[in-house]
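Just below is one structure, and these are the notes that go with it.
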Amino acid sequence: MRSLVERQHHVLDDAQLADLTSLIFAEAPTEHRLVHTPLTGLPLAEIPLSTRSDVGCAVQQARSALRAWTALSHRRRAAVVLDFHDRLLAQREDVLDLIQLETGKTRANAFEEVAEVANVARYYARSAAKLLAPRRFRGALPVLGAATERRLPRGVVGIITPWNYPFALSLGDALAALLAGNAVVLRPDPRTCLSVLWGLRLLLAAGLPPGVLQVLTGEGDVIGAAVARGADYVCFTGSTGTGRQVARLAADRLVGCSLELGGKNALYVRADAPLELAVDVALRSAFAAGGQVCAHTERLVVHDDIADAFVPRFLEAVQGMRLGVALDYGYDMGSLFGPDQLQRVGDHVRDAVRHGARVLTGGRARPDLGPWVYEPTVLDGVTAAMDVRDAETFGPVVSIYRVRDDEAAIRLINDSDYGLHATIVSADRAAARRLAPRLRTGTVSINESFIASWGATGAAMGARGHSGSGGRHGAEGLLKYTVVQSVAEQRVGSLAVDRTAQRRFAGLFSGGLIVLRRSGLR
Ligand code: NAD
């Protein structure tokens with residue numbers, strides 16, 4: 001504990017804290033928020049909070065900065081982002097410390113955030129020019145006219161992000177929006193804004209013009225909502241309940257929004273699943289970042305034929321996990337984010353037990369390891385009477401459900417309002433691929449945890465049902481930050497048809513369409 005406190009002061013001394021917080025758009029803050037580190041529960045920083053009027057000013061300044069940024073070529077914008085990419089990887093240890101201090105997760109989980117931002121930076125820096133390139137089409141009359149479809153930036157994009165993966169979600173989404181030519185007003189959770197500010201400092205050093213990316217703090221229902229009211233497009237990541245409110249704000253102004261929301265994700269262990277693989281994938285899927293990942297597994301669906309072999313091996317692996325808080329690698333699970341999370345996780349387990357579920361392992365807080373550490377927990381006998389059956393726990397609690405066959409597994413996986421992610425473990429990957437389209441989820445990973453889908457940056461991650469709409473990564477993750485504009489021009493002649501020639505024109509035109517159809521053209 002003492003060495004952790006010393007490390008904390010070494011990692012985040014007063015000068016660095018002052019430098020980072022100076023990047024917050026808060027002109028005359030009247031309030032500060034004292035933020036604690038989940039590693040020890042001790043104070044980490046005093047964060048100045050932006051006010052409502054700051055939001056208007058930040059949007060205005062972002063709009064002014066936008067002109068110069070939009071005028072840059074893709075190549076110049078990409079150069080800034082690629083320089084940021086290299087600096088990030090070279091200086092990763094510094095931001096890993098900050099992410100761990102803010103969130104309480106393990107260093108390996110913190111590294112996932114760095115890897116995600118680097119992947120997004122590199123992917124879009126290399127592909128934005130192609131994805132955004134103008135596309136040419138035939139005009140209303142072939143040869144005589146032509147049309148060009150262009151992808152233009154939306155303007156000032158508002159991004160609102162949660163505390164669980166603050167660096168990855170804030171910077172990842174912001175980089176895509178910036179590379180599409182937008183300015184960004186970003187509102188991370190104030191409790192986890194330091195790593196985001198560190199990223200902003202690095203982007204400025206890499207050549208991002210000042211003002212193009214603004215970071216605001218302040219309470220979600222005030223400042224987050226003001227961002228949603230002021231931006232030309234809103235990208236929201238968080239819970240389904242808040243997502244609905246943000247969607248209403250966007251709908252009122254008829255601006256677009258993307259919603260990356262909660263999940264109640266399932267992992268299906270097929271009858272033929274290789275046992276060791278199934279145990280390993282289930283372990284990492286359920287307990288990554290203490291289960292505080294939107295795509296992690298909370299429902300373990302196990303085929304009857306393998307259940308008796310799988311369950312004891314899985315429990316043994318869970319009991320063998322190394323829990324602890326340290327600013328270093330070597331742990332399998334760290335702390336929950338704070339007392340609210342600890343309460344929620346404990347409530348779900350207590351409610352399940354009260355209604356007859358069995359705790360196969362875990363089910364206890366571990367204050368001896370850290371103030372908000374909770375054991376990885378496996379439940380059995382969960383029924384619809386229990387909160388944990390359908391509501392997102394967002395913690396290290398997974399429930400086991402046995403099924404007779406693939407059909408029953410599909411029914412159970414789809415029996416959720418959410419539709420974010422599913423995993424299938426099977427020796428027959430072709431069979432798993434055939435099951436995937438029948439799952440009502442935005443992504444499916446086969447024989448690997450959600451990291452497989454998350455790390456495939458070129459493929460869009462969708463969401464269905466209460467898990468939201470819109471997508472991150474792939475073409476979709478960039479194009480959502482653009483508006484489409486088509487410019488059609490008439491090269492020769494006119495489209496006017498004389499009243500007396502309308503019948504003849506209709507005949508000729510129909511004949512022309514039939515020729516197009518027969519020649520296989522569009
Ligand atoms: P939350 O909905 O409470 O808050 C999310 C963000 O919105 C926070 O920054 C919060 O301050 C802000 N906010 C709160 N009220 C607001 C309002 N009225 N208007 C605008 N902004 C407001 O969620 P949380 O507890 O911070 O995060 C956990 C949730 O996020 C979980 O449900 C998790 O599954 C989800 N999540 C989803 C993804 C994804 O990609 N699908 C990724 C990470 C987390």
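Just follow the structure's listing: the first ligand is 1, and inside any ligand the first atom is 1.
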Problem - First-shell residues of ligand 1 [heavy atom, distance under 4.0 Å] - result: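 Residue list for ligand 1: I160, T161, P162, W163, N164, L169, R187, D189, G220, D221, G224, A225, F236, T237, G238, S239, T242, Q245, V246, E260, L261, G262, C294, E392, F394, L420, R472.
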Handout entry: Among D390, I413, T393, L420, the one residue meeting side chain to side chain contact (heavy atoms under 4.5 Å, CB included) with K264
Key = T393
Handout entry: F84 and W198 aromatic centres sub-6.0 Å
Key =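 Aromatic pair excluded; centres sit 6.0 Å or further apart.
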Practice task
Hey, can you tell me if F287 and F314 have their rings parallel, tilted or perpendicular (30° and 60° cut-offs)?
Solution key: parallel
Handout entry: Lys/Arg-Asp/Glu bridge criterion (N-O < 4.0 Å) met for D347, R344
Key =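 Answer for the salt bridge query: no.
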Problem - Ionic contact status for D252 with R248, cut-off 4.0 Å - result: no
Handout entry: Stepwise side-chain hydrogen bond (donor to acceptor under 3.5 Å, both in side chains) test for E112 and N109
Key = CA-CA 5 Å; E112 288 164 7; N109 288 142; 3.1 Å; yes
